[in-house]
Amino acid sequence: MQFFDLVRASDAAAAIAAGAESVTAQQGASVRFLAGGTTLVDLMKLGVERPERLIDINRLGLDGIHKQNDGSLFVGATARNSDLAHHPLVRAGYAALSQAILAGASTQLRNTATTAGNLLQRTRCMYFRDPASACNKRKPGSGCPAIAGANRMLAILGTSDACIATNPSDMAVAMLAYDTVVHVQGASGIRQIPLADFYVLPGQRPDIETVLVPGDLVTHVILPAPPAGERSVYLKLRDRASYEFALVSAAAAVTLSGGKIVSARFALGGVGARPWRVGDAERALIGAAPSEMAFRNAAESCLKGARPQSHNGFKVELAKRCIVHAFKQITS
Ligand SMILES: Cc1cc2nc3c(=O)[nH]c(=O)nc-3n(C[C@H](O)[C@H](O)[C@H](O)COP(=O)(O)OP(=O)(O)OC[C@H]3O[C@@H](n4cnc5c(N)ncnc54)[C@H](O)[C@@H]3O)c2cc1C
Ligand code: SF4
């Protein structure tokens, strides 16, 4: 690991000003915010991230979790993943979020990891994590060995000829299904970014993963109040029962009235270059009676355009079954 400066920020403005001195907020950033450190420090040890300065944001008081007057849920950027997963408001109103967090990593990691850090974790593509390999995400223009190589875990949706990496976050999948909005304070002011617009598809620049610019500090996220009576679930399919990233996952939420679906929302993990949600697939469920066929049709629509690679074609059918099974669990 190279030498770096560690600064403990005591106010957000100073942290943002320091962050704004980086030329990029994406791969290769010279200044990084340090939250739980469970992604960043890992990548620094591997030589994948080489920031010159770390700004510790843990003393900025950004760790609150509370209900707002309009019924929405406020979650601070440095709220720990464990605190969020076990919070009574989350367990009662956002079950899929609690389950998604608890399906990830380990207890020890979740006790340290934070909301913003989780949303900004990096792909687990093995070539990205190995500086001896070429990788367009780590070094633009160097190539993508995963396309002809080990791609079993990688993405089938939203990929490009330059990168087929998967977004690995479980929490982001559930937050996407719940229409979460990310609040950012930056050098040019405050922005609210729907999570659906937060991640950028790889295209020819897979090193650019989000819309963040230097100095952008995620302060909190807001989850709108769920519809009354909504049931939700997070289903994660993986190679072993714990401490493993998703092959495929689904966060599904539904409201029923008179035997018909009145609201449905779902997002997929483990298959997309970013957490994946398709509005048309959800709308097709409205007014339908819950049935295997209705869920299967929605799943087909969601997976339209999938581009499997040599070793991950199984994800197409697995993802469809994951969606169907998740909806069956919350409608039967
Ligand atoms: C062995 C292992 C297994 C894991 N398994 C899973 C799993 O199954 N599912 C899953 O979803 N995750 C898994 N994870 C990932 C884990 O959830 C993330 O490492 C963690 O959530 C990152 O949070 P952090 O606070 O430690 O982030 P950090 O490492 O501190 O930061 C990550 C990135 O976010 C940036 N950042 C942090 N906070 C802010 C902010 N407020 N504003 C702007 N930028 C910010 C940092 O600069 C850095 O670039 C695993 C991790 C490990 C090590
Ligand atoms: S899939 Fe993306 S992250 Fe993996 S080697 Fe290719 S360019 Fe790098």
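As the structure lists them, so they are numbered: ligands from 1, and atoms in each ligand from 1.
Around atom 39 (C) of ligand 1, the closest heavy atom drawn from Ala116, Gly215, Ser169 belongs to Ala116. Considering each of Ala100, Gly37, Gly117, Ser249, the one bringing a non-hydrogen atom nearest atom 30 (O) of ligand 1 is Gly37. For the residues Arg32, Gln26, Gln185, the heavy atom positioned nearest atom 49 (O) of ligand 1 is part of Arg32. Here atom 25 (O) of ligand 1 lies nearest to Thr114 when heavy atoms of Thr112, Leu54, Thr114, Asn81 are compared.
Residues Asp280 and Lys304 are not paired through a salt bridge, judged by the lack of any N-O separation under 4.0 Å between the basic side chain and the carboxylate. Classification of Arg274 and Glu209 as a salt-bridged pair fails, no side-chain N sitting under 4.0 Å from a carboxylate O. Ion pair Arg191/Asp197 not flagged as a salt bridge, since none of the NZ, NE, NH1 or NH2 atoms sits closer than 4.0 Å to an Asp/Glu carboxylate oxygen.
Aromatic ring pairs are classed by plane angle as parallel below 30°, tilted from 30° to 60° and perpendicular above 60°; the pair Phe74 and His220 is parallel. Using bins of under 30°, 30° to 60° and over 60° for the plane-to-plane angle, the ring pair Phe327/Phe295 lands in the parallel bin.
Listed by atom number, the atoms of ligand 2 under 4.0 Å from Cys135 heavy atoms are 3 (S), 5 (S), 7 (S), 8 (Fe). Within the listing of ligand 1, atoms 38 (N), 39 (C), 40 (C), 41 (N) sit less than 4.0 angstrom from a heavy atom of Ile57. Contact atoms of ligand 2 toward Tyr127: 5 (S) (distance under 4.0 Å to a heavy atom of the residue). Of all atoms in ligand 1, listed by their number and element, those nearer than 4.0 Å to a heavy atom of Ala77 are 41 (N). Within ligand 1, counting atoms from 1 as listed, the ones closer than 4.0 Å to a heavy atom of Phe33 are 42 (N), 43 (C), 44 (N), 46 (C), 47 (O). For ligand 1, the atoms closer than 4.0 angstrom to any heavy atom of Asp216 are 43 (C). Atoms of ligand 2 lying under 4.0 Å from any heavy atom of Phe128, numbered from 1 in the order shown and given with element: 3 (S). Interface atoms of ligand 1 facing Glu244, defined by a heavy-atom separation under 4.0 Å, are 8 (O).
Remark: minimum distance from atom 15 (C) of ligand 1 to any protein heavy atom is reached at Gln121 OE1, 3.3 Å. Residue, atom and distance of the protein heavy atom nearest to atom 9 (N) of ligand 1 are Asp170 OD2, 2.7 Å. Closest to atom 45 (C) of ligand 1, if we only count protein heavy atoms, is Leu120 CD1, 3.5 Å. What sits closest to atom 4 (C) of ligand 1 on the protein, heavy atoms only, is Phe245 CZ, 3.3 Å. Looking from atom 42 (N) of ligand 1 to the surrounding protein, the closest heavy atom is Val218 N, 2.9 Å. Protein heavy atom in closest approach to atom 29 (O) of ligand 1: Leu40 N, 2.8 Å. For atom 20 (C) of ligand 1, the closest non-hydrogen atom on the protein side is Thr38 OG1, 3.2 Å.
At a 4.0 Å heavy-atom cut-off, ligand 1 touches Pro168 through the backbone alone. Under 4.0 Å from ligand 1, the heavy atoms of Leu109 that appear belong solely to its side chain. With a 4.0 Å heavy-atom cut-off, ligand 1 is reached by no atom of Leu212. With a heavy-atom cut-off of 4.0 Å, Ala165 touches ligand 2 through backbone and side chain alike. At a heavy-atom cutoff of 4.0 Å, ligand 1 is contacted by both the backbone and the side chain of Ala105. Contact annotation: for Met44 versus ligand 1, there are no heavy atoms closer than 4.0 Å. Contacts of Arg110 with ligand 1, taken as heavy-atom pairs under 4.0 Å, are absent altogether.
Each of Leu40, Val218, Ile57 was scored for a side chain to side chain contact (heavy atoms under 4.5 Å, CB included) with Phe33, with one residue passing: Ile57.
On a distance-only criterion, Gly104 and ligand 1 share no N/O pair closer than 3.5 Å. The distance criterion of under 3.5 Å between nitrogen or oxygen atoms is not met by Tyr243 with respect to ligand 1. On a distance-only criterion, Ala35 and ligand 1 share at least one N/O pair closer than 3.5 Å. Note: no N/O pair closer than 3.5 Å links Ala113 and ligand 1 by distance alone. Here's the thing with Thr39: one of its N/O atoms is less than 3.5 angstrom from an N/O atom of ligand 1.
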*Give the C-alpha distance, both sets of side-chain angles, the deciding distance and a yes or no for side chain to side chain contact (heavy atoms under 4.5 Å, CB included) between Leu235 and Gln329.*
CA-CA 10 Å; Leu235 185 60; Gln329 280 189 31; 3.9 Å; yes
_Derivation of the side chain to side chain contact (heavy atoms under 4.5 Å, CB included) call for Gln26 and Thr210_ = CA-CA 8 Å; Gln26 309 293 328; Thr210 68; 3.2 Å; yes
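Residue side and main chain included, Cys163 places no N/O/S atom under 2.8 Å of atom 4 (Fe) of ligand 2.
Listed for the Ser72 side chain is no donor-acceptor partner under 3.5 Å among the backbone atoms of Ile222.
Using a non-hydrogen distance threshold of 4.0 Å, Lys236 registers as a contact of ligand 1. A heavy-atom separation below 4.0 Å is found between Ala162 and ligand 2.
The closest side-chain donor-acceptor pair between Thr78 and Asn58, if any, does not fall under 3.5 angstrom.
In this structure, Thr114 and Gly36 approach most closely via the heavy-atom pair CG2-N, 3.8 Å.
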